[in-house]
Protein chains: 2
Amino acid sequence: MQLDERKYLILQAIIDDYIMTAMPVGSRTISRKSGVGYSPATIRNEMSDLEELGYLDQPHTSAGRVPSNKAYRLYVDHLMKTVKLTNDERERMHDHLVAKSKQVEGVIRSAAGVLSDATKYTSVIVAPKLGTLRIKHVQLVPVAERMALMVIVTNAGIVKDAVISIPEGMDADELYSISRMLTEKLADKPLEAVRQAFAELLRNAEYNRRLLGDTLQVIEKRLEAGGDASDVIVGGPANMLEYPEYSDVNKARNFLAVLESKDTLRQLLSRDGGMEISIRIGPENQLPALNDCSIVTASYRVGDHSTGTLGIIGPTRMNYNRVISVLEFMGRALSDVLSQYK
Amino acid sequence: MQLDERKYLILQAIIDDYIMTAMPVGSRTISRKSGVGYSPATIRNEMSDLEELGYLDQPHTSAGRVPSNKAYRLYVDHLMKTVKLTNDERERMHDHLVAKSKQVEGVIRSAAGVLSDATKYTSVIVAPKLGTLRIKHVQLVPVAERMALMVIVTNAGIVKDAVISIPEGMDADELYSISRMLTEKLADKPLEAVRQAFAELLRNAEYNRRLLGDTLQVIEKRLEAGGDASDVIVGGPANMLEYPEYSDVNKARNFLAVLESKDTLRQLLSRDGGMEISIRIGPENQLPALNDCSIVTASYRVGDHSTGTLGIIGPTRMNYNRVISVLEFMGRALSDVLSQYK
DNA sequence: GTTAGCACTCGTGCTTGTTGAGTGCTAACA
DNA sequence: TGTTAGCACTCAACAAGCACGAGTGCTAAC
């Protein structure tokens, strides 16, 4: 059995309705809709077919039908018509974003806020992989006896810091000149290329070997760790509780637990290919706690070589249309704001 | 009517039981407890008195009694006996904390995690007021045409950054020497004293007036704003959902909404006096969403002049004993870790 | 191919009855 | 005079029974 024009039409109507109401959809409801000129009985026959084909589920005999995950897949791949955001909305989102752009660390955080406000779902933003960022500046600051704070400024102004130990008796001036030297040697190199640069430095080491070795180690450990908790920002975590899918406290708790595990989120948001928008529906994203969720992701650029991910997590019956529009827009906006610092 | 020895004993037993079970406590239950040698009937008489005095509430006629907020107040002020943490626990917490102490920005975050894990409640940590921190280092880094990133390293290694605009044609070298000058002039001054220092600098300005003015403005704006979202860290937000008090999704949502508003949290955790531990029970902390919550706070030191706050938010029937012990211990531990960088 | 009609299913919400934990009161006891 | 046993009373929680109605599947007529 194949899907003909009418089955598509009816399936789409069902999904549209279910996305709005979260209630099983009956044949009468569809029949009454404008654009569908058939009686409930006819719709029923078609629905029966669609169920057999795996596009619809029936919670129980006397309830309406509910779209299956397979149906959502079809919907986002073929059925869905894209909607445009109003200029007003675009403007509001953009303004919110640039308002914070004076404080670099705040941009991503406020972007997450904008995303979750605009969609009413939960948003997640993952900062670019550390290794791909380019070093702008390295500074060692004495903070205690035999200890210094190493501050690395990268493009996009992202600042990473770590405490390293320094040799006995090394004073501020010495650290200052080492900082200058490091900045000179490492400027514009991506963090992941730092190992090579250091190897070279260490070979003709006029500077203290142990200090450099220590510094290198810190940088490498940071790279290995693959970023820390502050690299994954969640917006509107409580938004999910608005939806009947998560009106059960237990499910809600499990969902929130996933949001707390930044590592899981980072993995969850890792993107498959280069396509602009990626959609994962229900069990497609493995985690049982997210079985009733879909994750839609897009990416943003920082400079020429780094990309980060922004995404929306909502119920499988989310408003894909709108979510996609918002993500596309925000992806561009974020790229603009974060790439203005060359 | 006054509270005699026996009333205290019974009230304490009721509160202890209710803290464990969250179920209204009946006279039989108390009668069976070791240490209370009275029959249910006697207990009932006393309970009736305690209710009249406002220490107990009765959800409905045929239910047991529930401690009132007044009772909790009495409990934490007089009845409660303090418990000691086991050495094992102390060690575990301490280890977790110092494990992260190589990455300064992570210490507070991981402390919040330790707190919420150890208590099973929600934890909040507020960083010290920016103004009280002392400047260790100022660095201007060119990031774009006519734009620089200003990085301020303070004691405790806390790094603040902001983008400022710079005059046309100013190059990296020039920024470098200005940075050096600024560091020299501002080192060891608290951020709130920066205005004066700048006034002086501007008077005998051998350096670019506009740049300095801009820089000052950025610092002041930061101080005024009173800290941003990253200064308030929440641990284990979902922990509260474990308790029947918040098994209603609506209440849970309202609670989580409070946690998202960092400004509200900052206010909520602001501490009254200098006492070591402050406890606010139920409506004492204004917000309706937190009517069934208590907030217990302690403070930690950073250097000699700055203090931050760490706190636990849990149901009013929380285990005050344990929470207090944990907060006291962690307050000391955090102070130690964060004050090692002089 | 479409649709009206009808018997059937089954979750939801309401009522009713039962149970049991817990109370307050009274009277007897030490 | 303080304590306790006894007993009638209350009321939430749970279960059973019932009516309702939304929705289905099937059949037969158009």
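A note on names: the letters A, B, ... follow the listed sequences, proteins ahead of strands, and every chain is numbered from 1.
Judged by distance alone, the side chains of A/Arg271 and A/Thr309 never bring a donor and an acceptor atom under 3.5 Å apart. A donor and an acceptor atom, one from each side chain of B/Arg253 and B/Asn250, are located under 3.5 Å apart.
For A/Asp17 and D/dG23, the CG to P distance is 10 Å, given to the nearest whole Å. Atom CZ of B/Arg65 is separated from atom C1' of D/dC11 by 14 Å (rounded to the nearest Å). Between the P atom of C/dG1 and the CG atom of A/Asn45 lies a distance of 11 Å, rounded to the nearest Å.
In B/Lys251, the NZ atom is crowded: over 12 heavy atoms of neighbouring residues, nucleotides or ligands sit closer than 6.0 Å.
Taking 4.5 Å as the limit, some side-chain heavy atom of B/Glu51 sits within range of a side-chain heavy atom of B/Gln58.
For the atom pair OG1 (B/Thr316) and CD1 (B/Ile281), the distance works out to 8.0 Å, reported to the nearest 0.5 Å.
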Enumerate the protein-to-nucleotides 12-17 of chain C contacts in which both atoms are nitrogen or oxygen and the separation is below 3.5 Å.
none

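Counting all heavy atoms, side chain and backbone alike, B/Pro59 lies closest to B/Pro24 at CG-CG, 4.1 Å. Shortest non-hydrogen contact noted between A/Ile279 and A/Glu284 is O-OE1, 3.9 Å.
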For this session: Let me have DNA chain D in dot-bracket notation, would you? Count Watson-Crick plus G-U wobble pairs, both distances under 3.5 Å, and use [ ] for pairs crossing earlier ones and | for inter-strand partners.
Result: ||||||||||||||||||||||||||||||
